[in-house]
Structures are given as structure tokens and as C-alpha cells.
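A quick write-up on the structure given underneath.
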Amino acid sequence: MSDDINEIKSRIDIVDLIGGYVKLKRAGKNFLGLCPFHSEKTPSFNVSPDRQTFHCFGCGKGGDIFSFVMETEGLGFREALSALAERAGVTLGSPGEVAAAASAKKDIRGALEAARDFFRSSLEGPGGEAARAYLARRNIAPQDASRFSLGWSPPSWDALSKYLSSKGFDNKTVIGAGLAAQGERGVYDRFRGRVIFPVNDENGRVIAFGGRLLDGDGAKYVNSPEGPLYNKRRTLYLMDCAKRSVRERKRAILVEGYMDAIRAHMRGFTETVASLGTSLTEEQAALIKRFTDLCYISYDADGAGQSASIRGMYLLERHGLDVRVVTLPKNLDPDDFLSREDGERAFEAALKKALPLPLYHAHIRRRDLRAPGAARGAREEILSGLASLPPLDIAGYIPGIAGEFGILEHELQSEISARRSLRPLHANPKKNENPDVFEEGIRGVSSVYINEGKKPRDKKGLDLECAFCSLLWRDERLRSKWECGDIVPYFSDEAASGIAAALVSGDTPEELESRWRAMGERLCFERIAQGDAVAAAAGLSSEFAEKVLDDIRTRAARRRYEELKPLVIRGEASPQETADYLEAAKKLKSAGAARTRQGANTLEPRENF
């Protein structure tokens with residue numbers, strides 16, 4: 001079941017889902033809106049596209065896409081799973097089928113990871129000299145090859161298959177992973193004599209490979225076939241490396257090939273991803289939209305690249321992206337262009353000159369618009385594209401395009417309107433079709449949880465405890481740094497304490513999610529979502545975990561101090577209580593001195609989330 005859940009999560013963006021119920025506005029990295037679970041006039045409902053969670057700072061509700069649907073629609077987890085699976089186009093199997101599929105996927109993932117290690121060692125070994133020489137000619141240094149996990153597949157018929165067999169993987173798994181094929185004389189490797197480019201999902205897990213032939217006959221590039229883990233329509237090369245830069249720089253640069261993307265990253269354009277082809281998909285558009293609203297397309301400067309980029313532009317625009325097309329000199333692709341001595345400066349200049357969809361389309365068809373035999377087709381192509389976009393998106397470009405057409409602005413508007421009226425109408429799945437149910441129903445959803453937990457009086461303390469849980473949840477390295485005794489005694493919230501204890505005791509987030517869903521536990525999901533929101537609002541990353549825990553311990557000392565102070569004053573404290581009181585006072589004094597030296601406590605979440 002966890003694989004189905006992860007598959008659904010990968011296909012549904014929480015901002016798109018919640019945006020169908022709540023009017024959201026971007027606020028920094030996140031989105032804000034009026035909470036659908038309680039009445040409020042000032043937005044306190046926070047949605048994180050990065051963590052794919054929501055949290056309301058007003059009423060405390062939070063969770064993921066499943067939690068949201070369960071709350072808003074009054075469904076149990078099974079019903080919510082079915083509803084979201086239908087929306088995502090995921091077919092749910094029986095429990096036995098799901099378990100078998102999960103086991104097969106786990107084996108395939110293991111085979112892919114082992115293959116990546118084999119390709120890496122083959123590149124660095126004696127047999128990888130030809131591949132190393134090729135990469136050197138392409139100005140790919142060894143450290144760059146390591147950075148992008150580039151590898152080499154020996155020209156042997158079955159070297160990889162034999163290696164994987166020695167690691168315990170059977171032929172069915174190796175073939176299912178797309179690493180080998182069944183021939184008349186047995187199993188043979190799919191990749192032979194090729195430089196290997198691993199393809200990862202957005203979370204950095206290898207799901208496929210691409211291989212470039214160095215010598216001999218055969219296709220220049222061979223790519224993994226689609227399978228249980230790899231779907232080309234939902235994949236963008238280097239998105240796992242680029243997503244942080246895309247969000248920080250508020251733009252994505254979309255190129256076509258492996259080397260285009262690698263070169264861009266090497267030259268500092270780390271917000272670059274590759275479509276591995278010029279046919280863009282709705283799933284790829286949605287993936288980019290999760291991280292930014294602005295996308296630059298920089299495909300090859302030849303005619304085929306231009307036509308493909310035009311098709312991709314309209315698809316991306318229809319999915320709410322502001323698309324700009326970068327024009328490079330003829331016969332140069334982004335890899336060639338960026339490889340020049342002034343490549344970084346020149347590419348940045350090209351980005352600044354990039355044209356938005358309507359103007360670029362008219363620009364590349366300018367010659368056809370003036371040619372008697374081609375003018376009609378060029379006009380129809382441009383008009384059909386413009387008619388597919390919202391009027392407000394093209395309004396600013398009407399005068400320029402009318403000039404290219406040689407007609408008046410109102411005449412161009414009429415032509416676009418005529419074609420728009422012929423387009424089929426599609427229901428917008430983001431909009432609620434029953435506003436009365438929305439207004440009257442969701443605010444009455446019951447908030448009964450299996451584990452309500454003990455609500456501490458110290459809200460900031462709860463925020464910090466949830467934020468610490470979120471940091472543990474997102475970073476596996478932190479979970480091995482502490483033991484239960486280092487954390488649990490200082491937590492005031494029962495649910496947060498349980499989450500932290502489970503994580504440092506070896507439970508994985510996936511195991512906890514599965515357990516909570518089976519139990520119908522919602523409060524723990526809310527605590528993680530609350531922690532995500534607090535960490536994002538306060539700018540807390542893994543490097544602050546130690547300081548966050550120290551703040552939690554200081555607050556625990558404050559609670560203990562306030563609890564024992566009346567007993568000490570009245571002379572009713574036991575020796576142990578007196579010792580605890582003095583220890584708490586010492587801790588508070590030490591914490592106060594540290595804050596004075598630092599000037600301020602930088603770990604306190606900001607008041608205005």
C-alpha cells in the first residue's frame with residue numbers, strides 16, 4: 001500500500017488539490033489562505049509545496065493530501081485513498097497484489113542502485129579509459145563525473161547481468177529494471193559500450209539510465225524502458241539537484257539533453273532540468289509548477305527544436321507557467337553555447353532577452369507570415385495557440401502580434417475569439433462544483449482523533465517540538481545522532497514526544513505513515529505538518545536541530561522551575577525536588593547568558609507566519 005500512497009503523492013500536487021477548495025496566495029515559498037476548518041478573517045492556513053503538507057496556525061489542523069481529503073469530505077482513509085487514486089490515475093490492487101508489487105519494486109530499486117555502483121566502478125577502473133577520455137574531451141572533469149554519478153557500461157555482452165546475479169538479483173528482476181533483455185541465447189545487457197547517465201526521481205533515487213554510444217554501430221543514445229519505477233512522462237533529468245535552486249531563484253531552465261543540463265549546472269545554472277526530448281507532458285508541467293511559476297526553454301536552435309519548443313510552450317502555459325524561450329545562435333545547443341569561454345555571461349544575457357510565448361511564436365514565423373504560400377498556415381498556427389490561452393495572458397502582446405499580421409488590434413481579437421469559441425469546454429477540476437456543500441459542510445467535520453495527546457499551554461514550545469520532529473523526519477542523518485533519553489524527557493506534547501522517540505529508535509517515516517494510517521491516527525500527521533510549517537516560517541534547516549533541541553530543553557527547565565518554585569519557597573520540597581530546582585535554575589541562567597552573548601534567540605519562530 002505504501003507504494004500506492006507514494007505514487008499518488010507523486011502525481012498530485014497539494015497546492016493544486018487544496019486550491020480547488022481554498023483560494024491560495026503565494027507567500028514566499030509557501031501559500032496562504034483562509035482555513036476551511038474554522039472561521040477566520042486573517043489567513044493562517046499554510047500550504048507547503050516543498051514538503052507537500054498543510055497546517056493551520058489558527059486551529060492546528062494539518063497533514064498531507066490524504067488528511068485534507070479525509071477532513072474536508074468526511075471520509076475514512078480507505079475512501080480517501082480510492083478518491084485520490086482515481087484523481088491521480090493510479091489503479092489500486094488487492095492487498096496481496098499490492099504486497100507482491102511492493103516487493104518487486106523493492107528488488108528493482110536494489111538492482112538499479114547496484115547497477116549504478118557497477119557503472120561508476122567500471123568508469124574508474126582499467127576498462128573505463130575510453131569513457132574517461134571521451135568525458136575529458138567534453139570537458140567533464142573526474143569530480144564532475146562523480147558529482148553527476150556518470151558511469152561506463154563495458155562492451156561485454158553480459159558483464160552487468162553477471163555482476164547483478166552475483167549480488168543475488170534474478171533475471172526477472174534485472175529485466176524488470178530495464179537493465180537487460182531476454183534473447184534467444186539468454187539474457188544480455190541493455191547498455192554495452194556506453195557512457196552512462198543515471199536518471200533519478202525528484203527525491204534523488206535512481207529510476208533509470210541513459211547510455212551514449214562511443215564507437216560502433218547502433219543508436220547514439222539508448223534509454224531505459226518505462227517500468228514500475230520509471231515513467232518518462234513524470235520525470236525531468238536533474239530535478240533532484242535543481243529543485244532547491246529553482247525555488248530560490250524563482251525560475252526553471254528547461255533544456256533537452258543530458259549534457260545540456262550537466263553543462264548548465266557546471267556553469268552555475270543549477271536551476272536547470274532536462275526533458276530528455278522535446279515532447280513535454282502535462283505531468284512534467286505540473287512538476288515544474290510545484291517549484292516555480294517561471295520557466296525558460298532553451299532547446300537546440302534548429303528548426304525541429306523550435307517547433308518542439310513551441311508545442312511545449314503552449315502546454316506549459318496552459319498549466320499556469322510563464323514560459324520564455326531562449327534564442328541561441330544557429331547550430332549551437334546549450335552545451336556548446338555554455339562551453340564557450342564567455343558561456344556563463346552570454347547565457348545569462350540570452351535569458352534576459354528571452355521572449356514570452358506570443359512574441360516568440362510570431363517572431364519565428366515572421367518570414368512565413370510574409371510568404372504567400374505559407375502565410376495562411378503560419379497565421380492559423382499562431383491564432384490556434386493564442387486561442388488556447390486565457391485572454392489576460394495574451395492581452396499585452398496583441399498590439400505587437402497585430403502588427404506582424406498586418407491587421408488592426410480589434411480584428412486580431414475577433415480572430416482569436418472566433419477560434420476560442422470553437423474550443424471544447426472542460427470542467428476545471430480545481431473548482432468546487434457545489435459551493436453550498438463547501439460553505440456549510442466542511443466546517444462541521446468532526447475532529448475526533450484516536451490520540452488527542454496532551455495539549456501544552458506553551459504554544460511556542462509545541463511549535464519547537466513539532467519543528468524538531470520535522471527536522472528528524474526529513475533528515476535520516478539526524479535520527480542516528482540522539483537516543484530517546486536525550487529527547488523524550490524534555491517534550492511536553494505526548495504526540496510529538498512519541499514521534500521523536502520512534503524516529504530515533506529506528507522507525508522510518510514510511511513505516512510510521514503506514515502504521516498511523518492503519519490506526520486512523522491523524523494527530524501525528526498534524527504534528528509533522530505543523531513542524532514543517534514552523535520550520536519553513538522560521539528558516540530552520542538540519543543544521544539548527546541541535547539548537548532547537550537546546551531551546552526545547554530550556555523550556556523544559558523553565559516548566560520544572562516554575563513547578564517546584566512554590567514548594568521550595570514553602571519549604572515543602574524533597575531533597576530530590578530541591579536538587580531538580582537548582583539544576584533547572586542553573587540551566588535557565590546558562591541559557592540566559594548564551595542569549596545575551598548572541599544578542600537574540602534566532603530559533604524562535606517568527607510571530608507573523
Side-chain angles (χ1 to χ4, degrees), residues 13 16 19-20 23 87 89 233 254 275 277-286 288-289 292-299 301-327 353-435:
D13 178 34
D16 287 341
K23 184 177 181 179
R87 176 183 176 123
R233 295 179 58 85
L254 183 63
S275 56
T278 53
S279 297
L280 290 169
T281 68
E282 294 183 354
E283 292 86 349
Q284 290 171 328
I288 296 172
K289 189 70 169 63
T292 185
D293 294 324
L294 176 61
C295 181
Y296 289 84
I297 294 181
S298 182
Y299 284 164
D302 59 25
Q306 286 182 344
S307 298
S309 70
I310 282 293
R311 291 192 295 270
M313 287 173 73
Y314 283 112
L315 185 146
L316 296 182
E317 283 276 355
R318 288 195 293 272
H319 280 74
L321 287 163
D322 178 7
V323 178
R324 310 295 174 96
V325 178
V326 181
T327 302
K353 295 179 181 178
L355 294 174
L357 162 59
L359 298 184
Y360 177 79
H361 200 176
H363 171 73
I364 65 170
R365 294 290 180 261
R366 176 176 294 173
R367 180 176 297 180
D368 292 337
L369 288 172
R370 288 161 173 73
R376 181 184 294 274
R379 286 196 301 267
E380 190 58 42
E381 177 186 302
I382 295 171
L383 289 169
S384 296
L386 295 177
S388 71
L389 302 178
L392 289 177
D393 287 358
I394 63 174
Y397 309 114
I398 293 298
I401 298 174
E404 293 288 351
F405 276 38
I407 60 178
L408 298 176
E409 293 177 31
H410 74 273
E411 292 175 324
L412 176 60
Q413 291 279 24
S414 296
E415 293 287 346
I416 295 172
S417 297
R419 284 157 181 79
R420 187 174 284 134
S421 66
L422 298 176
R423 297 182 64 84
L425 297 177
H426 298 280
N428 185 352
K430 297 181 182 179
K431 301 299 181 184
N432 188 357
E433 296 180 358
N434 191 340

Mind checking whether Y397 and L357 have side chains closer than 4.5 Å, heavy atoms only?
no

Note: R419-E415 ion pair, threshold 4.0 Å (strictly below):
yes

Can you see whether Y299 engages S275 through a side-chain donor-acceptor pair at a distance of less than 3.5 angstrom?
yes

For I364 and I310, which heavy atoms make the closest approach, and how far apart are they?
CD1-CG1, 3.6 Å

Check against side chain to side chain contact (heavy atoms under 4.5 Å, CB included), L355 and V325
CA-CA 5 Å; L355 294 174; V325 178; 5.7 Å; no

Please report the closest heavy-atom contact between C295 and L316, naming both atoms and the distance.
SG-CD1, 4.0 Å

For I416, which of I382, I394, L389 qualifies under side chain to side chain contact (heavy atoms under 4.5 Å, CB included)?
I394

Minimum heavy-atom distance L369-A375, with the two atoms named
O-CB, 3.6 Å

Listed by chain and number, what are the salt bridge (Lys or Arg N to Asp or Glu O under 4.0 Å) partners of R324, not counting sequence neighbours?
D322

Let's go through L315 and T281 carefully: what are the C-alpha distance in whole Å and the side-chain angles of both, what is the deciding distance for side chain to side chain contact (heavy atoms under 4.5 Å, CB included) to 0.1 Å, and is it a yes or a no?
CA-CA 7 Å; L315 185 146; T281 68; 5.6 Å; no

Please examine the side chains of M313 and I297, heavy atoms only from C-beta on, and report whether any two atoms are closer than 4.5 Å.
yes

Can you name the salt bridge (Lys or Arg N to Asp or Glu O under 4.0 Å) partners of E381, sequence neighbours left out?
R365

Listed once per pair and sorted, the salt bridge (charged side-chain N to carboxylate O under 4.0 Å, His left out) pairs that draw on residues 401-410, sequence neighbours left out
R366-E404, R370-E404

Taking only residues two or more places apart in sequence or in another chain, which ones pass side-chain contact (heavy atoms from CB on, under 4.5 Å) with T292?
V246, A252, I288, L294

Non-neighbouring partners of Y314 that pass side-chain hydrogen bond (donor to acceptor under 3.5 Å, both in side chains), sequence neighbours left out:
H361

Which residues share a side-chain hydrogen bond (donor to acceptor under 3.5 Å, both in side chains) with D368, sequence neighbours left out
none

